[in-house]
Amino acid sequence: MDQLQAIPLTLALGKAVLAAGSTSTLSSTGTLPFAIRGKAYSHAALSNTATPTTDANTGLAFVPVVTNKGSVFVIGYNAAGDLKCAQGSIEALDASGAFINAPQFPVLPDNFCPIGYEVIKAGATASAAGWIFGTSNQAAVTGITYTLVDVVGLPDRPQVS
């Protein structure tokens, strides 16, 4: 096998066990080894760690998820060990709060290893101003449902139901 044509792996080498922290923070359990393009790294557990306020792709603030919309946010580490996040598409919800079309994952930077993703749904009773990753509370906001999913590698699409 020609090793130069092999695709180097980017993956978490364990389960992060992501959980909402207090306010706009995240927590996880245990040290998490991960690889970016075949190079090994590790990161200590998160303990009410502030979530990023800018998208890993654009460097801009996240787009608000407004009433009757939903989105997916991919959470991970870069090679420097910084917690990063990238926002996927924003999609409409039906009258029952289910996605009409599931949100799509964002394209991720080359130096980014996903450890999980969060699906956010802003139902009919959510604030008209919208929910913003990195700014808004990670738990207990009226009209917002949160689903954190741990990943080893990013699946082909988010699980939304």
Side-chain angles (χ1 to χ4, degrees), residues 3-4 6-65 70-91 102-122 126-127 129-161:
Q3 293 298 320
L4 295 177
I7 298 171
L9 296 175
T10 296
L11 69 155
L13 300 167
K15 186 173 172 138
V17 191
L18 288 170
S22 58
T23 63
S24 62
T25 63
L26 285 174
S27 295
S28 67
T29 58
T31 298
L32 180 66
F34 63 99
I36 297 176
R37 301 192 56 78
K39 187 172 179 184
Y41 300 91
S42 68
H43 197 283
L46 303 172
S47 178
N48 283 324
T49 300
T51 51
T53 56
T54 57
D55 191 296
N57 281 319
T58 66
L60 301 173
F62 294 102
V63 178
V65 181
S71 190
V72 62
F73 297 85
V74 179
I75 302 158
Y77 296 118
N78 66 8
D82 300 322
L83 184 65
K84 295 290 183 178
C85 182
Q87 184 174 4
S89 66
I90 296 175
E91 302 293 339
Q104 300 299 302
F105 284 127
V107 173
L108 299 174
D110 283 344
N111 71 340
F112 182 101
C113 177
I115 63 168
Y117 64 88
E118 184 169 23
V119 176
I120 296 294
K121 294 179 184 177
S127 166
W131 185 93
I132 302 171
F133 192 93
T135 303
S136 299
N137 198 318
Q138 281 287 331
V141 174
T142 300
I144 304 293
T145 59
Y146 311 81
T147 305
L148 281 163
V149 179
D150 293 309
V151 299
V152 174
L154 204 58
D156 58 345
R157 61 185 178 274
Q159 181 178 342
V160 294
S161 61

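Put simply, the side chain of Val72 reaches to within 4.5 Å of the side chain of Val119, judged on heavy atoms. Taking 4.5 Å as the limit, some side-chain heavy atom of Leu26 sits within range of a side-chain heavy atom of Leu148. Counting heavy atoms from C-beta on, the side chains of Trp131 and Lys121 never come closer than 4.5 Å. Inter-residue side-chain proximity for Leu154 and Phe112 is flagged as unmet; no heavy-atom pair is nearer than 4.5 Å. Two residues are said to be in side-chain contact when any heavy atoms from C-beta on lie closer than 4.5 Å; Asn57 and Pro109 meet this criterion. Two residues are said to be in side-chain contact when any heavy atoms from C-beta on lie closer than 4.5 Å; Pro158 and Val149 fail this criterion.
Summarising the geometry, atom CD1 belonging to Ile75 is positioned 9.5 Å from atom CG belonging to Leu46; distances are rounded to the nearest 0.5 Å. Residue Thr147 holds its OG1 atom at 7.5 Å from CD1 of Ile120, rounded to the nearest 0.5 Å. One finds the CZ atom of Phe73 at 9.0 Å from the CD1 atom of Ile132 (value rounded to the nearest 0.5 Å). Note that CG of Leu9 and CD1 of Ile36 are 12.5 Å apart. Values are rounded to the nearest 0.5 Å. Note: Asn111 CG to Lys39 NZ = 11.5 Å, rounded to the nearest 0.5 Å.
Closest approach of Phe133 and Gln138 over heavy atoms only: CE1-NE2, 3.6 Å. The two atoms that bring Val65 and Ala122 nearest to each other are O-CB, 3.8 Å, heavy atoms only. Pairing each heavy atom of Ala126 with each of Ile144, the nearest pair is CB-CD1, 3.9 Å. Between Pro64 and Ile90, the shortest heavy-atom contact is O-CD1, 3.6 Å. The minimum heavy-atom distance between Cys85 and Pro52, with the atom names listed, is N-CG, 3.9 Å. Smallest separation of non-hydrogen atoms from Pro114 and Ala12: O-CB, 4.1 Å.
For residues 14-34, every residue pair satisfying the side-chain hydrogen bond (donor to acceptor under 3.5 Å, both in side chains) rule, not counting sequence neighbours, is listed here: Thr25-Asn48.
The aromatic rings of Phe105 and Tyr117 sit perpendicular, their planes meeting at an angle over 60°, well past the 30° parallel limit.
Between the side chain of His43 and the main chain of Gly81, a donor-acceptor pair closer than 3.5 Å is present.
Note: Tyr41 and Tyr77 fail the aromatic proximity criterion, with ring centroids not under 6.0 Å apart.
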Walk me through it: do Tyr146 and Val141 pass the test side chain to side chain contact (heavy atoms under 4.5 Å, CB included)?
CA-CA 10 Å; Tyr146 311 81; Val141 174; 3.1 Å; yes

